[in-house]
Each structure stands twice: as structure tokens, then as C-alpha cells.
Amino acid sequence: MDNFYITTAIDYVNGSPHLGHAYEKVLTDVIARIRRMMGDRVHFLTGVDEHGQKVQQSARKRGIAPQQFCDEVSAEFRAMLTKLNVSNDDFIRTTEERHKRVVRDILQRLFDKGEIYKAEYQGYYSTRQEQFLQEKDRNPDGTWPEIFGDVMEITETNYFFKLRQYQDWLVQFLTENENFVFPKFRQKQVLEFLKEPLNDLCISRPKERLEWGIPLPFDENFVTYVWFDALVNYVSAVADQPGVWPANWHVIGKDILVPPHAVYWPIMLQAAGLPLPKGIIAHGWWSFKGAKMSKSTGNVIAPAAFVDEFGADALRYFFLREMSVGQDSDFTDLQFKARYNADLANNLGNLLNRTLNMSNRFTAGVVPAAGADGEPETELRALWEQTRAEVPQLWNGFQFHLALERTIAFVTATNAYIEKRAPWKLGKSANPADQALLGTSLATMAEALRLAAALLRPFIPDSVAKIHAALGHTPSADWAQECAWGGCLQGAKLAPSLVLFPRIQSEEKPPAKP
RNA sequence: UGCAGGGUGGAGCAGUCUGGUAGCUCGUCAGGCUCAUAACCUGAAGGUCCUUGGUUCAAAUCCAAGCCCUGCACCCA
């Protein structure tokens, strides 16, 4: 049994969760569920990033303590996970003691090794915004924008991490591990970035400017800033569980790949003498009706509303079916409904319902024994063998959109199979040959449904549980065995009719014809 | 300007890495079925796969150049 450790990015608690956060968690969850199903010992970590200036400011604005602010927003993120049926094994918050301890340990270790040094930094500082400014913040005429107020050039002392001396090592590492970042074009982008010399990384902020952080163990007048806090969560969360680190995959958004996850993080680990993760998955972004989704534009969809209306599985299915991992996609109500109706309601849901109905009508709701295969059965079985071989390979390559297309194609083929056999006709015939054929077709329908469910389980776990219940089936712990076409449903008592995914009625009137 | 992604039947997308009948959903048209969630099944119409040039027996797919669209470049999954 292999260990499999997978993480999501930890979300910054400065705002409420939105569709993009939801996607990342679901994507990671699907991978985690697949590995569990395959028999791995999975550890799935997610969490929140709670330190930093913005949190401090937001809390102050509301007149509450930063910790209380974090408690509230973190609760929202946790609620989202529950709502989406995300099967994380742990949830880390960077304000937790277990995290702070490890961050300080690592910082101390690097400091002792001479990987961290103190230096002066000179720059333009806006007291009003409490931040250093970049040259690009200037107006074209060289003045500073009004919002910054008085800008002065100041000198500040800070601690720096010797990033640069690991640059060549990292380039070599990435060259030797060409699949470190998925998708591949992202890895190229990292190497592109590394063609320019790296600057050493400023890892501290003086306490006068930022209180809400982890104090440096070797200088309590400073707190550590952003990356040495946030990235370390992947290690700190499992510090007391030997054998879990290194992670197999860090699942993150494309925006935080370069430089944090693909440059800082490997170098930090290497410098600290810790093993590197095996890979990074950088997913794309959802737009909404063609427009980018962002906190600042307010163009944000609350995932909770969708879940309340259509169920977690509907959203999970859409996420994975519609987006090619690594690419961007557009989310529209229309597309969501089209997918939902076509794949889940009309195809899968309807297959279940007609199977249950006919079995109840013709064989008292008990799955009969299948007779010898005729041509329709042989054909469907052949498609199944092909599908069960193909789909896991697509899973391994994170080609979930294709995997689901193939899976649903098998469901479509099952619906077509039913048309060929027309059990509703056979059921009305007293002819023993027809009755035998009726048994075969009902058994085959139920079996095909059970098998499709085996491929859908990581994606729509609740619905698959309902399918299993309706089929009177307890899935095998051995997934390969669960995928074997056989007679294990024979004699099972089926539920009465069941509408798994109620069809979404279109509110729009059909367009007038020209 | 820099970096990245994309341009495929009426709409939205997949396929491009690993060249060889262009696939899916919606829509349209015709037919079938009536077990089922106005569902399902079958068939049809509809495509210069952005352009040009190259490699090849063969290019949506590889190479080169160009055109157009989008995102990022402050915060953001």
C-alpha cells in the first residue's frame, strides 16, 4: 500500500470563498478519492493562510482582533468543504501552534546554516498605504499617485534568504525532472523565469509595520513574511506523522506557481535538507460569463448557492467535466444546465430510473440471472472492457474531462442497449424465450449501471452512494474487482423508482424564428 | 511592450504532446420507441480545423512567418 500525500493551496482568509476556491478543492478531492479507491494510504491536506497585513487591516476595520477575524472567515472555508463533500483528512491554519513551531524550527535551522542574512533595503515607502512602492507604481510623469499620500525614501533592515545560490541547482533539477510541474507548458514557463538571475528573498517585516505574523526565532523584532509562513504548512501539518512527507502533489492555481511554488519552495526545502514534493499541478482559472472572476471586481459566484440548488455532485461533475486541468474555462448558467441535463439527468439519472421501474414492473424489483450473451450484450461488454481500461489512464494523466466523456459514453451505450432489447415488449410476452431475454436485459442494465458507478464514484460520491443503495449493492473494497462484469447483483432487491438528478427546466423562452 | 493561452460545422468546447476515417453537448430537420425525468434511441443537414509557406506518402496535429481575440503584468484559486 503506497502513501499518497496531496495538498491544496491554503486560501488567504481576507475574503469569502468563491467558485475558484471551490474548484481547486474539488479537483484535489477527486484525485484523493481516486487514489483511495485504488488502495493508496491517502493523506489529503487543505487549510487557510491567516497571517499578514491585509488580515490585520481587515480586522482593524471591523474593530475586532485578527484572530477573531480569522476564526470567522476560516469557518466559512471549512463550511464550503463540507458543502462540497471534500474528503480532506486535515485542515491547517497558519495561526496554529503546530504550524508556528515548525516554521520557527526551519527558520532557525536555515539561520544556523548561514542561509539567512540581515541586510538593509532601500526603497520608496507610503505611510498612508503602509507599503513599499515599486517604480511601476509611479505615474507616467514620475509623481506618485494620490492614493499613496506622502512617499518617502527610507531604509529598512530585513532578513534575506539566499535564494540565488540555489538557482543552478534548481535549473538542473527541473531539467532532470521534466514532469515536476503539470501541465508541461507550465514547467517551461518556470525554466523561462529562471533564465533571469534570482534575487535573494526578503523573508521578514519589522514588527512596527506588521504584527500579525510569526516572530523570527533569532530576532523577535521581526515577523516572517508570506512564503516562509504559508508554504511551510505542507510540512508543518504532517510534522508529527513520519512517512507522510514528501507530498506527491501540490495542487495550486497557476498564479502562485512562479515563483512561489516552483522556485521558492523547492529551494527552501533543499536548503533545509528536506525532500522535495514529487510534483505540482497548476490549474487554470474560471471566468464567469466571459469575464474574469476576482475579489476586486466583485464578479464572484458563491459556490454555496449552486450547491443548495443543484447539489454538490452537480457542481463537482461540471468542474471536472468542463475544465481541462491547467486550462482556463468559462462558467455560465447555460452551460451548467446543459451539462447537468444532458449527462446527469437525461442520461445517467434516467438510466437508473428506467432500470428501477422496469425491474419493479416485470421481476418484482429483484435482479434476475442473466442468460447467455447475445450480440447486444457482447457489444456493450466490449465497450465496457475498453472503457475500464482507458478511463484510469486518463485519470492518471489528469484528463478528467476526457475520462468523464468516455464514462458517460458508456452510459449512453447502455441506454442504446435498452432500445435494442426493448424489455418493455419482452415483459408483455409469455414466450419463455422472451422471458429469458427479459431477464438478461434487466440484469445487464443493472450491471452496466453498477459498473458506470464504479467509474463515477470519485466525482459524484453522494450520487453513486444513492445508486448503490438503489441497486441493493455494497461495493467491493477492491476496485478492480468492482469493475469486473459479472453477476454480483443477481437476486438484489432494487428500490422503487428514483429521480437522482431532477431535470432543470429552462426558464428562457425559445427564441422566435426569423 | 513583456509573458502566457486561444482561433475547429449555427452556439459552446474536445481532439494537437504520441501526424493517418474531425469527436462531444446544445440547436435544426426526419424517423423510431413509449420502460423513463417533455426522457431515450436511430438517421440527416451543416466544417477552407485563422492565413501563408515548409516537412511528409499523409498535417487540425510537426516547423516557420503573419493576422486576430483573451488573460496576466497591484490583490486574486
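Model, not experiment: these values are computed from the prediction. The chains referred to below are lettered A, B, ... by the order of the sequence lines, with proteins before strands, and numbering in each begins at 1.
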Interface polar pairs with nucleotides 16-22 of chain B, N/O, under 3.5 angstrom:
none

Distances under 3.5 Å between protein N/O atoms and the N/O atoms of nucleotides 1-7 of chain B, please, pair by pair.
from  : atom 1 : to     : atom 2 : distance (Å)
B:rG6 : OP1    : A:Q327 : NE2    : 3.4

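Proximity note for A:H21 (side chain, C-beta onward) versus B:rG15, B:rU37, B:rC76: the nearest is B:rC76. Taking the side chain of A:E419 as heavy atoms from C-beta on, and the options B:rC26, B:rA77, B:rC41, the nearest nucleotide is B:rC41. Nearest to the side-chain atoms of A:Y12 among the listed nucleotides B:rC40, B:rC41, B:rA77 stands B:rA77. For A:Q335, the side-chain atoms get nearest to B:rG12 when compared with the rest of B:rC75, B:rG15, B:rG12. You'll find that the side chain of A:D11 is closest to B:rA77, out of B:rA77, B:rC33, B:rA14. In the set B:rC40, B:rU37, B:rC35, the nucleotide with an atom closest to the side chain of A:N415 is B:rC40. Distances were taken from every side-chain heavy atom of A:W285 (C-beta onward) to each of B:rC24, B:rU34, B:rC76; the shortest belongs to B:rC76. The side chain of A:R503 lies closest to B:rU37, out of B:rC35, B:rC33, B:rU37. Across B:rG32, B:rC26, B:rC76, the shortest atom-to-atom separation from the side chain of A:H18 is found for B:rC76. Of all nucleotides listed (B:rG15, B:rC24, B:rU37), B:rG15 comes nearest to the side chain of A:L402.
Partners of A:F77 according to the ring pair (Phe, Tyr, Trp, His ring centres under 6.0 Å) rule, which considers only residues two or more places apart in sequence or in another chain, are A:H21. Not counting sequence neighbours, the partners of A:H401 by the side chain to side chain contact (heavy atoms under 4.5 Å, CB included) test are A:R321, A:S324, A:Q399. Taking the ring pair (Phe, Tyr, Trp, His ring centres under 6.0 Å) definition, one finds that A:Y317 meets it with nothing, sequence neighbours left out. In this structure A:F410 satisfies the ring pair (Phe, Tyr, Trp, His ring centres under 6.0 Å) test together with A:W384, sequence neighbours excluded. Residues that satisfy the salt bridge (Lys or Arg N to Asp or Glu O under 4.0 Å) test with A:R381, not counting sequence neighbours, are A:D373. Among residues two or more places apart in sequence or in another chain, the salt bridge (Lys or Arg N to Asp or Glu O under 4.0 Å) test is passed with A:E76 by none.
The stretch residues 14-28 of chain A participates, sequence neighbours left out, in these salt bridge (charged side-chain N to carboxylate O under 4.0 Å, His left out) pairs: A:D11-A:K25. Pairs of residues two or more places apart, or lying in two chains, that qualify as salt bridge (charged side-chain N to carboxylate O under 4.0 Å, His left out) and include a residue from residues 183-192 of chain A are A:E192-A:K195.
Across all strands shown, nothing is found opposite B:rA58 as a Watson-Crick or G-U wobble partner with both distances under 3.5 Å. With a 3.5 Å ceiling on both atom-pair distances, B:rG9 lacks any Watson-Crick or G-U wobble partner. The partner of B:rA38 is absent, by the rule that a Watson-Crick or G-U pair needs both atom distances under 3.5 Å. Nucleotide B:rC29: paired with B:rG43 (Watson-Crick or G-U wobble, both distances less than 3.5 Å). Using Watson-Crick or G-U wobble geometry with both donor-acceptor distances under 3.5 Å, B:rU70 finds its partner in B:rA4. With both pairing distances under 3.5 Å, B:rA14 is matched to nothing as a Watson-Crick or G-U wobble pair.
In summary, the aromatic rings of A:F398 and A:W249 are positioned with their centroids under 6.0 Å apart. Residues A:F306 and A:F336 place their aromatic rings such that the two centres sit under 6.0 Å apart. For A:Y234 and A:H261, the ring centers are positioned less than 6.0 Å apart.
Remark: A:D434 does not engage A:K428 in a salt bridge, criterion side-chain N to carboxylate O under 4.0 Å. Salt-bridge formation is not detected for the pair A:E375/A:K420: no Lys NZ or Arg NE/NH1/NH2 atom is positioned less than 4.0 Å from an Asp or Glu carboxylate oxygen. Salt-bridge annotation for A:E156 and A:R205: absent, with no side-chain N of the basic residue lying under 4.0 Å from a carboxylate O of the acidic one. Ion pair A:D29/A:R316 flagged as a salt bridge, since at least one NZ, NE, NH1 or NH2 atom sits closer than 4.0 Å to an Asp/Glu carboxylate oxygen.
No engagement by A:P423 is indicated, since no non-hydrogen atom pair under 4.0 Å with the nucleic acid exists. Backbone-only engagement by A:K425 is indicated by non-hydrogen atom pairs under 4.0 Å involving sugar-phosphate atoms exclusively. A:G427 comes within contact range of no nucleotide atom at all, as no heavy-atom separation falls under 4.0 Å. At a threshold of 4.0 angstrom between heavy atoms, the contacts of A:A416 are confined to the sugar-phosphate backbone, with no base atom among them. If you check every strand for non-hydrogen atoms under 4.0 Å, A:R321 touches sugar and phosphate atoms only. Among the atoms of the strands shown, only primed sugar atoms or phosphate atoms (P, OP1, OP2) are found under 4.0 Å from some heavy atom of A:T412. The residue A:I418 sits apart from the nucleic acid: no heavy atom pair falls under 4.0 Å.
Both A:A338 and A:V499 lie near RNA chain B, and the one whose nearest nucleotide falls closer to the 5' end is A:A338. Nearer the 5' end of RNA chain B, as judged by each residue's closest nucleotide, is the contact made by A:E322, out of A:E322 and A:F501.
For the pair A:F336 CZ and B:rU25 P, the interatomic distance rounds to 18 Å; values are reported in whole Å. The nearest whole Å value for the distance from the OH atom in A:Y340 to the P atom in B:rC24 is 24 Å.
Checking the phosphate oxygens (OP1, OP2) of B:rC35, a side-chain nitrogen or oxygen of A:K428 falls inside 4.0 Å. When the side-chain nitrogen and oxygen atoms of A:N346 are compared with OP1 and OP2 of B:rC40, one or more of them lie within a distance under 4.0 Å. Contact annotation: A:H401 side-chain N/O to B:rC24 OP1/OP2 distance is not under 4.0 Å.
Contacts between residues 255-266 of chain A and RNA chain B, counted as heavy-atom distances below 4.0 Å, involve A:D255, A:I256. At a non-hydrogen distance threshold of 4.0 Å, nothing from residues 74-90 of chain A comes into contact with RNA chain B.
Between A:I504 atom CD1 and A:N341 atom CG the span is 5.0 Å, to the nearest 0.5 Å.
Nucleotides B:rA64 and B:rG6, compared at atom P, are 15 Å apart to the nearest Å.
In this pair, A:F319 and A:Y23 present their aromatic rings perpendicular. The plane angle is above 60°, beyond the 30 to 60° band.
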